[in-house]
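Encoded as structure tokens, the structure appears first; notes follow it.
Lettering of chains follows the sequences in order, A, B, ..., and the numbering in each one begins at 1.
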Protein chains: 4
Amino acid sequence: MPPIVSEEYKTKMKKKIMETAFVCFAEKGFQNATMDDIVKNSGMSKGAIYNYFKSKDEIYIELMEQKTKESIDKINENLSKFDLAEEKMRYLLNIYSHQIERNPDWQNLIRVHIEFWLQSSRDENLKSMLDDRMKNIYQKLIIDILELGKKNGEFPGNLDSKMISTLFWSIIDGISIYYGVMKDDYPYKQMVEKAGEMIMKELVKKN
Amino acid sequence: MPPIVSEEYKTKMKKKIMETAFVCFAEKGFQNATMDDIVKNSGMSKGAIYNYFKSKDEIYIELMEQKTKESIDKINENLSKFDLAEEKMRYLLNIYSHQIERNPDWQNLIRVHIEFWLQSSRDENLKSMLDDRMKNIYQKLIIDILELGKKNGEFPGNLDSKMISTLFWSIIDGISIYYGVMKDDYPYKQMVEKAGEMIMKELVKKN
Amino acid sequence: MPPIVSEEYKTKMKKKIMETAFVCFAEKGFQNATMDDIVKNSGMSKGAIYNYFKSKDEIYIELMEQKTKESIDKINENLSKFDLAEEKMRYLLNIYSHQIERNPDWQNLIRVHIEFWLQSSRDENLKSMLDDRMKNIYQKLIIDILELGKKNGEFPGNLDSKMISTLFWSIIDGISIYYGVMKDDYPYKQMVEKAGEMIMKELVKKN
Amino acid sequence: MPPIVSEEYKTKMKKKIMETAFVCFAEKGFQNATMDDIVKNSGMSKGAIYNYFKSKDEIYIELMEQKTKESIDKINENLSKFDLAEEKMRYLLNIYSHQIERNPDWQNLIRVHIEFWLQSSRDENLKSMLDDRMKNIYQKLIIDILELGKKNGEFPGNLDSKMISTLFWSIIDGISIYYGVMKDDYPYKQMVEKAGEMIMKELVKKN
DNA sequence: GATGAATGAGTCTTCATTCAT
DNA sequence: AATGAATGAAGACTCATTCAT
């Protein structure tokens with residue numbers, strides 16, 4: 001009995017499972033959330049879920065991939081509207097500083113992300129997957145902007161793009177993690193703005 | 001190793017258990033590391049370990065408290081040798097930038113710390129314990145230095161000490177986390193130095 | 001024995017578990033009987049049992065509830081066939097005096113019951129559950145008969161129904177407990193008959 | 001190194017351990033009370049306790065033996081003061097009906113006794129020990145009085161002493177057990193008095 | 001494809017007893 | 001005799017995954 005259902009149907013089901021899983025992981029953490037939690041919250045049967053995903057791990061991985069893709073796609077799309085590197089950077093910082101307001105799940109997302117990341121450091125497959133993702137997507141995003149800025153003459157020519165881009169994400173993620181853990185005791189927006197100001201100063205200082 | 005045993009003996013045993021646990025937690029993570037792992041690696045019996053700690057959680061908590069205390073004590077001790085706020089800040093940054101060399105466990109420590117921190121965000125008791133620790137130890141450390149700098153006239157009088165101290169740790173920890181996860185692919189030292197430079201510029205810029 | 005299983009199937013499984021548990025509890029006592037005993041004797045897997053009962057305690061409680069219900073239901077059903085209070089009382093006593101012959105498990109049942117009862121005295125929840133059961137089922141059974149007898153003029157009008165009913169069960173249970181513990185060295189039937197005779201004399205003496 | 005301490009010292013220590021154990025057993029039940037509880041409450045060391053008793057079971061058994069002996073000795077002593085069988089019986093009933101007031105531990109004692117008794121039904125050694133005790137001490141106590149009464153002409157000559165004595169203890173213990181479990185919701189004194197009245201009527205009725 | 005009952009290895013924790021000092 | 005740290009065999013319970021229908 002080969003597939004009777006459409007590809008869309010399958011996609012829809014996977015999405016439903018992943019969204020439910022996300023809620024469960026956010027609430028309890030990956031390890032503490034059980035398949036039964038996902039079953040209960042999704043309204044699907046255990047067997048059904050295992051039809052779409054081979055394991056709990058797989059749900060996790062695909063979930064993370066999809067969340068990353070979603071966020072990065074939206075950023076990329078909008079980024080192309082700007083011509084100047086400085087504008088692009090400011091736009092990016094602006095997105096992060098408003099992340100709280102535009103994405104109510106963000107705190108949870110961060111927590112799930114970190115947990116995932118942590119796991120990955122103990123699993124060669126995950127680790128290299130994430131390393132790639134980091135280098136080819138996130139770092140590249142910044143590097144491209146910085147290189148554009150250098151080419152445009154906006155940013156100093158001796159700027160170490162790779163280094164700055166690494167630092168950029170270290171800072172943004174550091175702030176985000178604090179926010180994810182500290183919750184609303186933490187002045188997230190103020191932190192992003194101040195950090196952004198400091199970073200921008202590095203880029204446009206030599207004018 | 002029998003009854004009527006010295007206080008040192010007991011301390012030594014606790015230390016042995018904690019060190020073993022640290023290795024296990026670092027290797028597998030808190031949740032994945034089992035009491036049996038600790039038993040096996042410590043060479044002690046299960047009952048013996050439970051004589052010293054009521055639960056796996058308790059080992060974790062005491063371990064983290066001790067590691068924090070160790071690090072903060074050493075910092076505080078040395079910090080008092082400097083008179084100028086700027087010197088203190090530079091010393092602190094210097095410590096962190098050399099953390100790798102002076103503390104071979106540091107990568108593991110960071111990973112275990114973050115995992116702990118994450119846990120804490122889902123456990124009210126842990127969370128308030130850590131929040132306190134953060135506010136009263138780490139933040140206070142920086143705030144005191146910044147206030148001294150303001151009093152000395154080294155730093156601008158309108159400096160928002162609390163905000164800067166929060167940002168300081170967000171950045172340092174962001175960098176550390178990347179290092180903990182990325183391992184030796186990450187230019188940890190360079191990151192700390194660059195970030196430190198940026199932070200110092202904020203403090204002493206108005207001269 | 002797969003999914004989409006009938007309600008009967010589930011009931012049958014629960015019953016199977018409870019019956020196995022009963023045997024184990026009777027043989028070793030509640031505390032000494034282990035889940036592994038029940039697993040082994042039932043031929044089911046541990047997980048399967050935990051699918052039907054949340055805990056060993058829960059098996060115990062449901063088992064006792066069901067046993068109580070069974071016995072009381074049968075009594076009530078037959079009791080309604082008699083019109084006179086005296087006949088009802090004699091019927092009841094008769095049931096108990098023949099308990100041995102009609103219920104081969106009865107000795108075990110008693111032992112398990114007492115153990116349960118003892119436990120209950122140290123657990124507020126259990127205790128109030130049992131107290132309720134005692135008052136609303138067992139005591140009420142007798143009180144209703146005695147009140148009927150008073151209304152009918154069979155029994156003296158100044159009879160303290162509540163007191164007599166409490167005494168009734170104290171005596172019957174005292175005898176049963178001895179039987180449960182002493183086993184076949186104990187003249188159970190003779191005891192119930194003699195005690196019954198003494199009790200009946202209290203009720204119908206004033207004619 | 002043979003015994004240095006006197007026999008009295010040893011007896012005193014054993015008594016101390018047993019009294020502590022009694023409190024622990026009463027509070028938590030035999031199984032739930034741990035040797036550590038006894039250690040903590042007695043103020044002695046674990047090794048010391050094991051010097052006086054081979055096992056937890058042994059403490060239990062000796063404790064029960066001693067409690068039984070204490071109670072029976074006191075009864076016997078006073079019983080000899082009376083000449084008439086009826087007086088003896090009334091004295092005995094009187095003791096039980098005042099048990100609550102004169103022995104504040106009595107409720108606990110009962111619970112511990114029943115638990116012990118239950119255990120015994122699953123352990124051949126214990127069982128035969130208790131059966132002996134029952135027959136040779138408790139039953140004999142009543143039988144002797146009844147036989148005296150028959151000889152004196154106080155009680156009917158055709159009285160089945162053995163049967164009545166068995167019933168006597170079944171009723172008294174039934175009432176006691178209810179009291180032990182139900183605690184102060186149970187009209188213990190009233191029950192003993194009423195039951196005693198019923199029993200006495202059996203003995204002296206034919207005059 | 002869907003269902004959910006069954007599986008059983010794995011987890012933390014307890015505790016009577018031992019024994020070196 | 002006394003001490004109390006050490007032992008390790010249980011014990012209750014969990015949960016990712018499988019598979020018969």
Side-chain angles (χ1 to χ4, degrees), chain A residues 1-5 9-10 13 31-40 44-59, chain B residues 1-6 9-10 13 31-39 42-59, chain C residues 1-6 9-10 13 31-39 42-59, chain D residues 1-5 9-10 13 31-40 44-59:
Chain A
M1 269 184 277
I4 293 168
V5 298
Y9 178 76
K10 269 167 84 171
M13 294 303 264
Q31 314 234 26
N32 295 322
T34 68
M35 287 304 275
D36 279 325
D37 288 331
I38 299 176
V39 166
K40 207 169 295 169
M44 300 173 70
S45 76
K46 207 174 280 193
I49 292 174
Y50 274 93
N51 273 342
Y52 294 101
F53 294 95
K54 274 209 298 287
S55 68
K56 189 180 160 191
D57 281 28
E58 206 184 83
I59 300 178
Chain B
M1 324 80 173
I4 319 192
V5 112
S6 64
Y9 175 78
K10 276 155 79 169
M13 292 305 265
Q31 313 230 32
N32 294 321
T34 68
M35 285 306 274
D36 277 328
D37 289 331
I38 299 176
V39 166
S42 67
M44 301 172 71
S45 75
K46 205 172 282 192
I49 291 174
Y50 275 96
N51 272 347
Y52 293 98
F53 295 94
K54 276 208 294 287
S55 67
K56 189 180 158 191
D57 279 35
E58 206 184 85
I59 300 178
Chain C
M1 323 80 174
I4 317 194
V5 112
S6 64
Y9 175 79
K10 275 156 80 169
M13 293 305 266
Q31 312 230 31
N32 294 321
T34 69
M35 287 304 276
D36 277 327
D37 288 331
I38 299 176
V39 166
S42 68
M44 302 171 70
S45 75
K46 201 172 288 189
I49 291 174
Y50 275 96
N51 272 347
Y52 293 97
F53 295 95
K54 276 208 294 289
S55 67
K56 188 181 158 190
D57 279 34
E58 207 184 83
I59 300 179
Chain D
M1 267 182 277
I4 292 168
V5 298
Y9 179 77
K10 267 166 86 171
M13 293 305 264
Q31 314 233 27
N32 295 321
T34 67
M35 287 303 276
D36 278 325
D37 289 331
I38 299 175
V39 166
K40 207 170 294 171
M44 300 172 71
S45 76
K46 206 174 281 193
I49 291 174
Y50 273 93
N51 272 343
Y52 293 101
F53 295 94
K54 274 209 296 286
S55 68
K56 190 181 159 189
D57 281 30
E58 207 184 83
I59 300 179

Smallest separation among heavy atoms of D:K10 and D:Y52, with atom names:
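Smallest interatomic distance, heavy atoms only, reads CG-CE2, 3.6 Å.
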What pair of heavy atoms forms the shortest contact from D:A33 to D:D37, and how long is it?
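Of all heavy-atom pairs spanning D:A33 and D:D37, the closest is CA-OD2, 3.6 Å.
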Which comes earlier along DNA chain E counting from the 5' end, the contact point of B:K46 or that of C:K10, where each point is its nearest nucleotide?
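Nearer the 5' end of the strand: C:K10.
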Residue mapping more 5' on DNA chain E - nearest nucleotide basis, B:D36 or C:A48
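Mapping each residue to its closest nucleotide by heavy atoms, the 5'-most match is C:A48.
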Nearest-nucleotide wise, let me know which of C:S55 and B:I49 is further upstream toward the 5' end of DNA chain F.
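Final value for this comparison: B:I49.
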Most 5' of C:Y50 and D:G47 on DNA chain F, judged by nearest nucleotide
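Mapping each residue to its closest nucleotide by heavy atoms, the 5'-most match is D:G47.
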What nucleotide, of E:dA6, F:dC13, F:dA6, holds the atom closest to the side chain of C:Y52?
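Closest nucleotide among those given: E:dA6.
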Give, for atom CD1 of A:I38 and atom CE of A:M44, the distance between the pair rounded to the nearest 0.5 Å.
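That separation rounds to 11.0 Å.
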Between F:dT7 and B:S45, is there an OP1 or OP2 to side-chain N/O distance shorter than 4.0 Å?
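B:S45 to F:dT7 OP1/OP2: side-chain N or O found under 4.0 Å.
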Any C:Y9 side-chain nitrogen or oxygen under 4.0 Å from OP1 or OP2 of E:dA6
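For C:Y9, the contact criterion (side-chain N or O under 4.0 Å from OP1 or OP2 of E:dA6) is met.
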Nearest-Å distance once atom C1' is located in both E:dG1 and F:dT21
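These two C1' atoms come out 13 Å apart once rounded.
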Separation of atom [atom1] in [X] from atom [atom2] in [N], rounded to whole Å:
{"X": "B:Q31", "N": "E:dG10", "atom1": "CD", "atom2": "P", "value": "18 Å"}
{"X": "B:I38", "N": "E:dC12", "atom1": "CD1", "atom2": "C1'", "value": "11 Å"}
{"X": "B:I59", "N": "E:dC12", "atom1": "CD1", "atom2": "C1'", "value": "11 Å"}
{"X": "C:N32", "N": "E:dA16", "atom1": "CG", "atom2": "P", "value": "12 Å"}
{"X": "D:M35", "N": "E:dT18", "atom1": "CE", "atom2": "C1'", "value": "12 Å"}
{"X": "D:E58", "N": "E:dA16", "atom1": "CD", "atom2": "P", "value": "15 Å"}
{"X": "D:M44", "N": "F:dA1", "atom1": "CE", "atom2": "P", "value": "12 Å"}

Given the structure, check if the side chain of D:K56 and the base of E:dT17 hold any donor-acceptor pair shorter than 3.5 Å.
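No, the side chain and the base share no sub-3.5 Å donor-acceptor pair.
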Between the base of E:dA6 and the side chain of C:N51, is there a donor and acceptor pair under 3.5 angstrom?
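Checked by distance alone, the answer is yes.
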What's B:F53 touching, base or sugar-phosphate or nothing? Going by heavy atoms closer than 4.0 Å.
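Nothing: the residue B:F53, judged by heavy atoms under 4.0 Å, touches no strand.
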Taking the side chain as everything from C-beta on, heavy atoms only, tell me whether D:M13 gets closer than 4.5 Å to D:I49.
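D:M13 does not reach D:I49 side chain to side chain.
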Within a strict 4.5 Å, meaning less than it, do heavy atoms of the A:K46 and A:D36 side chains meet?
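Yes, side chains in contact.
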Watson-Crick or G-U wobble partner of F:dT3, both distances under 3.5 Å
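Its partner is E:dA20 (Watson-Crick or G-U wobble, both distances under 3.5 Å).
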